[in-house]
Protein chains: 2
Amino acid sequence: MSAANVRNTHPLIRKLETVFPLSDEERKAILALPIDQRVIEAHQDIVREGDRPSRSFVIADGVACAFRMTGEGKRQILAFHITGDMPDLQSLHLQTLDISIGTITACKVGFIQHEDLQRLCERQARVAAALWRETLIYAAMFREWITNIGRRQALGRAAHFMCEYIVRARAMGLVEDYSCELPITQEELSDAMGLSIVHVNRVLQELRKLGLINLESRHLTVLDWTRLQEVGDFDAGYLHLPKTAT
Amino acid sequence: MSAANVRNTHPLIRKLETVFPLSDEERKAILALPIDQRVIEAHQDIVREGDRPSRSFVIADGVACAFRMTGEGKRQILAFHITGDMPDLQSLHLQTLDISIGTITACKVGFIQHEDLQRLCERQARVAAALWRETLIYAAMFREWITNIGRRQALGRAAHFMCEYIVRARAMGLVEDYSCELPITQEELSDAMGLSIVHVNRVLQELRKLGLINLESRHLTVLDWTRLQEVGDFDAGYLHLPKTAT
DNA sequence: CGCACTCTTGACCGAGATCAACATTCGTGG
DNA sequence: CCACGAATGTTGATCTCGGTCAAGAGTGCG
């Protein structure tokens with residue numbers, strides 16, 4: 001599948017098919033889901049902590065992030081979400097959202113009512129399992145991120161981030177030759193990595209100086225994948241991608 | 001329910017009933033699950049990163065922890081698990097474990113085959129949802145922990161930990177008067193909080209000096225719950241406990 | 001073309017790490 | 001029941017990674 005025609009598929013189908021090929025019936029059931037598609041401009045909250053959503057959404061295009069605010073007004077970004085992700089799928093079973101989700105770039109977003117998802121899950125056991133699985137992978141990413149913030153220094157943290165991002169983007173067909181869009185500012189990176197903006201800047205320069213990455217005008221190119229993984233102490237296992245995509 | 005007779009209930013029933021009252025049929029279905037109960041002594045790994053378990057387990061008694069190791073041999077503890085927890089429930093849908101789970105104290109552990117859990121889920125939709133929900137709450141705890149490590153300083157981190165631990169323990173009926181067992185060494189705490197042992201020691205003394213907690217011989221007492229929550233920037237919302245338990 | 005956002009650089013500071021003893025507790029075997 | 005060694009907890013001195021502050025340089029958009 002080329003990156004071009006991939007954009008025309010149903011984002012949910014595209015995501016689930018990275019796990020296993022869907023049956024015709026399953027595909028039909030997903031296509032029958034009523035989806036409320038809309039475009040949300042950059043730097044808007046899609047849902048907020050404390051909301052009690054009656055629907056979840058899938059990102060069809062763009063980059064969003066899940067975040068929490070500290071009592072002292074500091075922001076912690078928990079994850080960046082790209083095409084195919086369902087960042088608040090959890091609200092299907094947890095009434096009150098414990099995170100906010102905001103756009104980084106303009107996003108094409110498809111809202112799906114919980115009742116429709118629930119019905120889909122009841123009738124298509126494999127799809128239910130795949131969605132459950134999806135939430136489990138987010139949990140695995142969070143675990144890895146705790147490890148990253150808790151026990152790696154700044155340079156490794158940044159390298160790790162780059163590895164994770166590009167691997168996830170590749171799984172959705174957004175990467176050509178170790179190169180992809182990375183429309184994330186250094187401030188956003190700092191809120192994700194638990195560092196100051198200034199230090200993120202220095203660490204990125206270090207990664208460039210080491211010849212590991214090229215990062216300019218919102219475009220990331222990995223120059224030395226092997227060494228970047230080493231520096232970032234990265235092993236894609238926790239993302240649970242099918243072998244072909246790794 | 002007193003803490004004494006609570007110990008005699010099926011740990012899974014006890015856990016699920018913190019969410020909603022089970023029907024007779026559901027209760028019967030759970031009691032019919034073949035469980036392989038055994039005691040595992042302290043400081044043993046129950047499962048290891050890379051394992052492909054064919055069963056999950058529920059902790060009937062004791063404290064365990066989920067952890068990952070860095071490339072440089074540093075340990076990051078991701079969560080402490082207490083009575084009623086199913087720390088590797090994720091393995092039901094993710095083949096390969098991305099974490100290890102080890103005992104802190106001796107643990108009574110009940111292993112349940114995946115196939116049996118799967119069958120239970122197919123037949124008891126509410127139980128399936130409750131188990132899914134359980135994994136979602138773990139994810140919420142991970143998110144909170146990222147925030148804690150990424151954007152709070154040491155004192156707040158420690159205070160937050162104490163808050164979370166005692167709230168979770170209370171939900172399982174293990175707390176009397178803001179007081180419970182905390183059989184966790186400062187080294188283990190340091191690996192959880194992303195701090196050095198020495199600094200954990202100093203921070204704990206600070207919490208004692210502030211009159212917020214009492215912590216000696218593996219026993220934690222919260223002396224000033226309101227201020228401890230303030231210092232720890234703690235709000236139990238993310239634990240998604242029923243109102244009665246909060 | 002001007003203002004706001006983002007990135008970059010330098011100087012200084014401080015929370016927490018590291019190193020090194022020492023104290024205390026606890027489990028174990030004699 | 002005591003003795004001893006290992007694990008755990010405590011304290012002080014010093015160092016360092018990363019934070020904070022401040023100012024400038026690009027960059028892009030209205």
Side-chain angles (χ1 to χ4, degrees), chain A residues 41-44 63 65 70 72-77 102-106 148-161 181-209 213-220 231, chain B residues 41-44 63 65 70 72-77 102-106 148-161 181-209 213-220 231:
Chain A
E41 48 187 319
H43 308 296
Q44 304 299 311
V63 177
C65 72
T70 317
E72 296 96 60
K74 293 179 181 173
R75 177 173 67 163
Q76 175 68 49
I77 292 180
T103 57
I104 302 273
T105 66
N148 205 27
I149 292 184
R151 284 296 182 223
R152 289 186 194 112
Q153 355 204 86
L155 187 72
R157 255 182 245 186
H160 193 97
F161 173 83
E181 299 305 312
L182 187 77
I184 299 174
T185 68
Q186 294 183 2
E187 180 172 19
E188 286 152 353
L189 278 181
S190 76
D191 281 338
M193 306 205 291
L195 296 169
S196 66
I197 305 181
V198 173
H199 205 62
V200 164
N201 183 281
R202 291 185 168 128
V203 154
L204 290 181
Q205 287 179 59
E206 181 73 12
L207 288 178
R208 285 188 274 243
K209 206 172 299 167
I213 65 167
N214 199 341
L215 177 57
E216 52 184 327
S217 54
R218 310 286 137 104
H219 198 91
L220 167 70
V231 172
Chain B
E41 48 187 320
H43 308 297
Q44 304 299 311
V63 177
C65 72
T70 318
E72 298 97 58
K74 292 178 183 173
R75 177 173 68 162
Q76 176 68 49
I77 292 180
T103 56
I104 302 273
T105 65
N148 205 27
I149 292 184
R151 285 293 182 227
R152 288 186 195 113
Q153 350 207 88
L155 188 72
R157 255 182 243 185
H160 193 97
F161 172 83
E181 299 305 312
L182 188 77
I184 299 174
T185 67
Q186 294 184 1
E187 180 172 19
E188 287 152 353
L189 278 180
S190 76
D191 281 339
M193 305 204 293
L195 297 168
S196 66
I197 305 182
V198 173
H199 205 62
V200 165
N201 183 282
R202 289 181 172 133
V203 155
L204 290 181
Q205 287 180 57
E206 182 74 11
L207 288 178
R208 284 188 274 242
K209 205 171 300 168
I213 65 167
N214 198 341
L215 177 56
E216 54 183 327
S217 55
R218 309 287 136 102
H219 198 93
L220 168 70
V231 172

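Chain letters run A, B, ... following the sequence lines, proteins first, then strands; residues in each count from 1.
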Whole angstrom is fine here: how far is it from [atom1] in [X] over to [atom2] in [N]?
| X | N | atom1 | atom2 | answer |
| --- | --- | --- | --- | --- |
| Lys74(B) | dG16(C) | NZ | C1' | 13 Å |
| Lys209(A) | dT8(C) | NZ | P | 12 Å |
| Gln186(A) | dC7(C) | CD | C1' | 6 Å |
| Arg151(A) | dT18(C) | CZ | C1' | 13 Å |
| Ile197(A) | dC5(C) | CD1 | P | 13 Å |
| Asn201(B) | dT10(D) | CG | C1' | 5 Å |
| His199(A) | dA11(C) | NE2 | C1' | 16 Å |
| Leu182(B) | dG9(D) | CG | P | 10 Å |

Okay, side chain of [X], backbone of [Y]: is any donor-acceptor separation there less than 3.5 Å?
| X | Y | value |
| --- | --- | --- |
| Arg152(A) | Arg157(A) | no |
| Thr103(B) | Ala106(B) | no |
| Arg151(A) | Leu195(B) | yes |

CG-OG distance between Asp191(B) and Ser196(B), expressed to the nearest 0.5 angstrom: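 With rounding to 0.5 Å, CG (Asp191(B)) is 10.5 Å from OG (Ser196(B)).
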Check against side-chain contact (heavy atoms from CB on, under 4.5 Å), Leu204(B) and Leu189(B): CA-CA 10 Å; Leu204(B) 290 181; Leu189(B) 278 180; 4.1 Å; yes
Among dT20(D), dC7(C), dT11(D), the nucleotide that comes nearest once only the side chain of Gln205(B) is considered: dT11(D)
Nearest-nucleotide pick for Thr185(A), side chain only, options being dG19(D), dT6(C), dT8(D):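 Out of dG19(D), dT6(C), dT8(D), the nucleotide with an atom closest to Thr185(A)'s side chain is dT6(C).
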Closest-nucleotide ordering on DNA chain C, the 5'-leading residue of Glu188(A) and Gly194(B):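 By nearest-heavy-atom nucleotide position, the 5'-most residue is Glu188(A).
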Arg218(A) or Val203(B), whichever maps to the more 5' nucleotide of DNA chain C: Arg218(A)
5′-ward residue of the pair Arg202(B)/Gln153(A) relative to DNA chain D: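 Per heavy-atom nearest nucleotide, the more 5' residue is Arg202(B).
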Touch class at under 4.0 angstrom, heavy-atom based, for Arg208(A) against every strand present: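 Since only primed, P, OP1 and OP2 atoms lie under 4.0 Å of Arg208(A), the category is sugar-phosphate.
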